[in-house]
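Have a look at the structure below before the remarks.
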Amino acid sequence: MSAIAATLGARAAERPVLRERGQREVFCGLTGIVWLHRKMRDAFFLVVGSRTCAHLLQSAAGVMIFAEPRFATAIIDERDLAGMADANAELDRVVGRLLERRPDIGLLFLVGSCPSEVIKLDLARAAKRLDRSASPGVRVLHYSGSGIETTFTQGEDACLAALVPELPAEAPEAPEAPRSLLVVGALAEVVEDQLRRLFAALGIGPVRFLPPRLAAELPPAGPRTDFLLAQPFLAETARVLEERGARRIAAPFPLGAEGTTLWLRAAAEAWGVAPDRFREATAAGEKRAREAVGRHRAALTGRSVFFFPDSQLEVPMARFLARELGMEPIEVGTPYLHRQHLAEELELLPAGTVLSEGQHVERQLDRCRAAKPDLVVCGLGLANPLEAEGIATKWSIELVFTPVQGYDQAGDLAALFTRPLDRRDRLRV
Amino acid sequence: MQLALWTYEGPPHVGAMRVAAAMEGLHYVLHAPQGDTYADLLFTMIERSGKRPPVTYTTFQARDLGGDTAELFKATALDAWERFRPQALLVGSSCTAELIQDDPGGLARALGLPVPVVPVELPAYQKKENWGAAETFYQLVRAFARPRGETPIAGRAPSCNILGPTALGFRHRDDLHEVRAMLDRLGVAVNVVAPLGASPAELSRLADADFNVVLYPEVAGQAARWLERNFRQPMTRTVPIGVGATRDFLAEVAALAGLEAPAEPDPSRLPWYSRSVDSTYLTGKRVFVFGDATHAVAAARVARDELGFAVVGLGTYSREFAREVREAARGHGVEALVSDDYLDVERQIAELRPDLVLGTQMERHVAKKHGIPCAVISAPVHVQDFPARHSPQMGAEGANVLFDTWVHPLMMGLEEHLLGMFRDDPEFGEGAAPSHLGAAVEAPSSRPAANDAVDWAADAEQELRKIPFFVRGKARRNTERYALERGFETITVETLYDAKAHYAR
Ligand code: SF4
Ligand code: SF4
C-alpha cells in the first residue's frame, strides 16, 4: 500500500521524503474549532455532521461545560438520509433555533464533515441562503473540516481561507500609498501583543492579525498588503490572499530565538528597515529568548527526537530543537509537507534527518522502536502506549494549544520538551 | 437533524471499540476516515490504557472515494490480520463508511482468512454507543458460543458467567472484583467473564455455566437474553448497587445456583452510618438523579431507602431503557426525564433546585454552575472515574463508596452553614469562606437580602437570624421568592411568617 518515493537532490528543498500510505493517526480538521472559537469571541461554529463529529469535538475539548460552548453539531439522522426530512429545511430550523438562543453570535460558520460531504449537502448554498435570511447582523460562512479532506490544523486553514473573501478592500488610495502587514494564523493574545510591540519598534505598520479577536473586526487585504504566515499549515489561506493581490513574505516560522529573528527580519527586509534599527529593536528580545532556551540545553543536547505526524508544526519544531538545543531529529513526520512555505525551514534542518509525509502508523511505530529515540513527539492516542513501552513522549497537541511563538515563549517551548525527560529523572517508582 | 452541544454517548462504533478493547485475541477493522482515530485517546488518556485499542482504521480520504474504497478495506484487513494474528476479526463501518456502502463483512470474508470474521452493522444515524456495545457483544456471543459440551457432573459447584464489563466502563474494573468475591463466598464458580478479559475461544465456553450474571444490562442484556433462549441459561435481573439490591442479588443468585441465600450478607457500613445520629441532617434532602438507566434506577433506590433522601427527579439518557426508568420514577412519585439533551437536564435541575445532584460528569458541571452539591454515579466517563484506589459501586464495599461519595459534598454544605452561623463572631472575618471552596470564591454576603428586587426590613432581618442556621438559607430564598411573586417591595416579619406558612402547606 505504500511506496517509498525517494528522490535525491542536491538542494535541501529537494531532500528525500518517505511517502507513506496506511492508517493515519491524526485528528480531522474539525478539531481546530477547539481553539478557533476561543480566538474569535463572537463566532459560532456549527458542525453539520454525525454523532462521531460531536463526540470528537467533545473529546478533544475535554468536556468543559462551565458555559454553553460556542460550537455545536447539527447531527444528521436517519430521517435526513432517507429523504423523509429535507436536510436543508432541517438545517434552517436548527440554525434558527440556535440564533434565537444565542443573540451574541455575529458570525456563524457552517462546518462541513465527512458525512455532509459524502451526502453532498451543499453547505455553500446553505450558507448563502441563511446569510440572507438569518437575523440582520449575522454573517453565515462555511468551510470543511472533514476528515476525508483535512487533517487537524488544516481546519484552521480552511476556516481562515473562508474568511478571506469577507475581508474589506483596502482604502482606495494612490498605488504608492503605504503598505500594511497582515500576520496570518491564530496566535495567543499575549503573543500578538508582543509582536505588535516589536513591529512598532521596527517602524512596520499598520499591522493586523487574521483571525481577528472579533469577527466583526476583519482586517482589510489587497495589493498593498504584505503578509507573514505565523503558522506553517496555511496553504489555502495564503493562496486566496495572493489571489487578492496580497504578497507573502517568505520566512521561517517564529519558533525559538532564531526562528523569531528570521521571521521578523524577513518582514524588516521587505519594509526596508535599516539593519541597525533591526538590531536595536530585536536584540533584547533575542537575548532573553536565547538565555531562556539555553537553560534547557543541558537536558536536551545530544538527545534524539522522533516526530509522528500531527499538526504540520513538526518541521519548524525539529529545526528549533536541532539548532537551538542540539537535539538530533531522527525522523520528522508531517501529515502534509508544503515545500514552498517550508523552504526556509528545510534549509535549516540537519542533513541526516528523515522526512516522512502521510502515515502508516504501524510501520512508523516499528521504525520508532528500532530507532530508540530519547523523546517521541506524538498524538494522544500513541503517547501512553509508548510510555508503557518505556519511551518518553511529548503530546503534540500541547504544541498547538500552548502559546509558543515569539521571543518570550521560546523558553516555554523548550520547557515543553524537557518536562517529560525531567519527570523521568525524578521518579523513583 | 438534532442540535447537540454535548452528548452523553458516542457513536455506536465506539461501543464496539469498548467491547473489542476489553477482549483478548480480537481485532477490529473499522472502515472510517482518519479523524475517527480520535477514539483511541478515549482509551489511552481517559482510562490510561498502556496499550492501543486493538483497532485498525482504513482512514480513507476524499481521493479514495472516487476510486476503490472496497480495495482499501481489503488491503487494510489483510494487513491487520498479518500484523496482529488475532483469533478473530471484527469488521464494520463508522458513520461515514456506512454512507458509502462497502460491505466490510463480505469483503473481509472474501479474503479467505484462516480465522472467523464477525461483521457488525451499527446504524450510526439511529443508534448510539451503548447500543453499539450491546449489539457487538451479542454478535460475538452468537458467533462463538457453542452448546454445552459434557453433561454436568453431579456434585460440581454451580457456575455462572459474569457479563457486561467493558473497557471505558464506569467502575467496571472494581465492580467486577467485588462481584467475583461475592460469588466466591457464596460458593458459585465463575466460568467466563466477558467481554472484559475474554477471548473468542473463551466465548465458545459460555454455555458451560449454569446461569448468567448480568452486571450492566445496557451492554449485556441482549446477549444474555439470547443465551437464555438458546441454551436455557437463566440470567440475573438485579444489579447489586446498594445494600438492599445486593441482598436481593445474592438471593437471586442463590436461587439460580440452588444454594441457601446467606443469612448474613457481607456487612456494609452504610446501614449503621445512615442510622447514626449525625446522619439525621440527611433526612429528606431533595435529590435529582440522572444517568444511564441501570445506575440511575439503582441510585434512586439507594437514595430513598438507604440514605433517607427524597427523590425529586429521576431521568436517563438511555432511551432503550425508557420503560424501566419510567416505571421506577413512578415508584418515587415523579415523572421520568428521558432525554439526551443536557440542556433539558439543566433546565429541570434549575427548576427543582435540589439539595444534591446524582448524575454524570455533565450534571457535575451543571450543578457546579448552579452551586448545588453533586456526586457522579454514571458514565460518560472522565479520567476521574478511573481512580487509582479500589472504588466499586456494587456489593458491600460499593455501598460504602456510595455513602462516602454522596454524603461528602453535603458535609461540605453543612460546614458552610456552620460557618454562616459563626460569621458574626469576631474570630471570623467578613470574607471568610469555606476553605474547600478555595480563595477565589467570594464569601456570601452576611446581609440577608441576596435579591436586589426586594428589601428586608430591619426587624425581619433580625427575625431571620433567629431561624436555625441549617434552614436559614432556604427560609431566605423562599421568603424572597414569595415576596417577589406577590410584588412586595419590602419583607416584613409578617411576610416572613406568611411565606413560612405558604411553603409548609
Ligand atoms: S473524521 Fe469525519 S466523521 Fe470523523 S469526526 Fe472528523 S469530520 Fe466527523
Ligand atoms: S476544607 Fe475546610 S471548610 Fe471545606 S470542608 Fe474541609 S474543613 Fe470544611
Side-chain angles (χ1 to χ4, degrees), chain A residues 1 22-31 48-56 58-60 63-69 71-81 85 87 90-91 93-94 97-98 113-115 117-119 146-149 151 362 379-385 387-388, chain B residues 1-7 9-14 32-46 48-53 56-65 72 75-76 79 83 94-96 99-100 123-126 128-129 342-343 361-362 365-366 368-369 380 382:
Chain A
M1 277 201 305
Q23 176 176 323
R24 290 172 155 235
E25 188 84 18
V26 186
F27 288 145
C28 61
L30 294 185
T31 325
V48 183
S50 63
R51 183 164 298 282
T52 316
C53 308
H55 199 232
L56 159 96
Q58 175 164 333
S59 309
V63 194
M64 287 182 263
I65 327 181
F66 294 107
E68 217 179 293
F71 57 82
T73 309
I75 297 183
I76 298 169
D77 63 30
E78 184 85 306
R79 294 174 57 250
D80 305 307
L81 295 177
E90 283 289 292
L91 184 58
R93 182 182 60 78
V94 166
R97 197 186 140 199
L98 180 70
S113 66
C114 305
E117 310 232 319
V118 171
I119 65 170
S146 84
I148 52 177
E149 284 181 330
T151 70
E362 305 297 347
L380 294 173
L382 298 176
N384 266 336
E387 290 279 354
Chain B
M1 233 174 249
Q2 188 204 348
L3 183 65
L5 300 170
W6 301 101
T7 65
E9 291 182 76
H13 72 258
V14 167
Q34 64 182 354
D36 289 1
T37 56
Y38 81 88
D40 283 1
L41 79 85
L42 305 172
F43 299 88
T44 62
M45 296 306 293
I46 296 179
R48 298 178 209 255
S49 171
K51 45 180 211 216
R52 294 162 61 214
T56 298
Y57 306 78
T58 55
T59 60
F60 54 82
Q61 298 170 43
R63 63 163 184 251
D64 299 315
L65 291 179
L72 176 65
T76 308
D79 214 19
R83 184 170 279 269
S94 77
C95 54
T96 308
L99 297 171
I100 59 180
Y125 298 91
Q126 293 173 39
K128 290 177 281 186
E129 180 178 333
Y342 91 98
L343 292 174
Q361 292 288 342
M362 308 259 227
H365 286 284
V366 168
K368 199 175 205 168
K369 193 164 123 191
H382 182 271

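The shown structure was predicted, so the numbers you read here are calculated from the model rather than taken from an experiment. As a basis for the values below, the full set of heavy atoms in this structure was taken, side chains included, without hydrogen atoms, waters or symmetry mates. Chain identifiers are assigned alphabetically (A, B, ...) following the order of the sequence lines, protein sequences preceding nucleic acid strands; residue numbering begins at 1 within each chain.
The shortest heavy-atom contact between B/Asp40 and A/Glu25 is OD2-OE2, 2.6 Å. What you find for A/Ala72 and B/Leu5 is that their closest heavy atoms are CB-CD2, 3.3 Å.
In terms of modelled atom types and a separation under 3.5 Å, the side chain of A/Ser59 and the main chain of B/Tyr38 share no donor-acceptor contact. B/Thr44 places a side-chain N or O within 3.5 Å of a backbone atom of A/Leu380 that can act as its donor or acceptor partner. Under the 3.5 Å distance criterion, the side-chain polar atoms of A/Arg93 are matched with a main-chain donor or acceptor of B/Met1. Side chain of A/Ser50 to main chain of B/Cys95: no donor-acceptor pair is present (N/O by atom type, distance under 3.5 Å, no hydrogens or angles). Between the side chain of B/Gln34 and the main chain of A/Ile148, no donor-acceptor pair closer than 3.5 Å is present.
In this structure, OG1 in B/Thr58 is found 8.5 Å from CD in A/Gln23, a value given to the nearest 0.5 Å. In this structure, the separation between OG1 on B/Thr37 and CZ on A/Phe27 is 7.5 Å, given to the nearest 0.5 Å.
Contacts between A/Asp80 and chain B at a heavy-atom distance below 4.5 Å involve the side chain alone, from C-beta outward. Contact annotation for B/Leu3: both backbone and side-chain heavy atoms come within less than 4.5 Å of a heavy atom of chain A. Contact of B/Thr56 with chain A is made through backbone and side chain together, with heavy-atom distances under 4.5 Å. Using a 4.5 Å cut-off between heavy atoms, B/Ile46 makes no contact with chain A at all. Contacts between A/Ala383 and chain B at a heavy-atom distance below 4.5 Å are absent for every atom of the residue.
Residues A/Glu90 and B/Gln2 form no side-chain contact, since every pair of their non-hydrogen atoms from C-beta on lies 4.5 Å or further apart. B/Trp6 places none of its side-chain heavy atoms less than 4.5 Å from the side chain of A/Thr73. Taking the side chain as every heavy atom from C-beta outward, A/His55 and B/Glu9 never approach each other to under 4.5 Å. Contact of the B/Arg52 side chain with the A/Asn384 side chain is not registered, since no non-hydrogen atoms from C-beta on lie closer than 4.5 Å.
Top candidate by heavy-atom pairs under 4.5 Å with chain A, chosen from B/Lys51, B/Arg63, B/Gln126, is B/Gln126. The choice from B/Leu65, B/Ile100, B/Asp64, B/Val14 that makes the most heavy-atom pairs within less than 4.5 Å of chain A is B/Asp64. Options A/Val94, A/Val26, A/Val118 differ in how many heavy-atom pairs under 4.5 Å they form with chain B, and the most are formed by A/Val26. Listed options B/Lys128, B/Arg83, B/His13 were ranked by heavy-atom pairs under 4.5 angstrom with chain A; first place goes to B/Arg83. Between chain A and the options B/Leu42, B/Thr59, B/Leu99, heavy-atom pairs under 4.5 Å are most frequent for B/Thr59. The candidate with the highest count of non-hydrogen atom pairs below 4.5 Å against chain B, out of A/Val48, A/Thr151, A/Thr31, is A/Thr151. The candidate from B/Pro53, B/Ala62, B/Pro12 with the greatest count of non-hydrogen atom pairs under 4.5 Å with chain A is B/Ala62. Highest contact tally toward chain B, considering only A/Glu78, A/Arg97, A/Glu117, A/Glu362, is held by A/Glu362 [criterion: heavy-atom pairs under 4.5 Å].
B/Tyr57 pairs by the ring pair (Phe, Tyr, Trp, His ring centres under 6.0 Å) definition with nothing, not counting sequence neighbours. Evaluation of the side-chain contact (heavy atoms from CB on, under 4.5 Å) rule for A/Cys28 yields A/Leu30, A/Leu56 as partners, not counting sequence neighbours.
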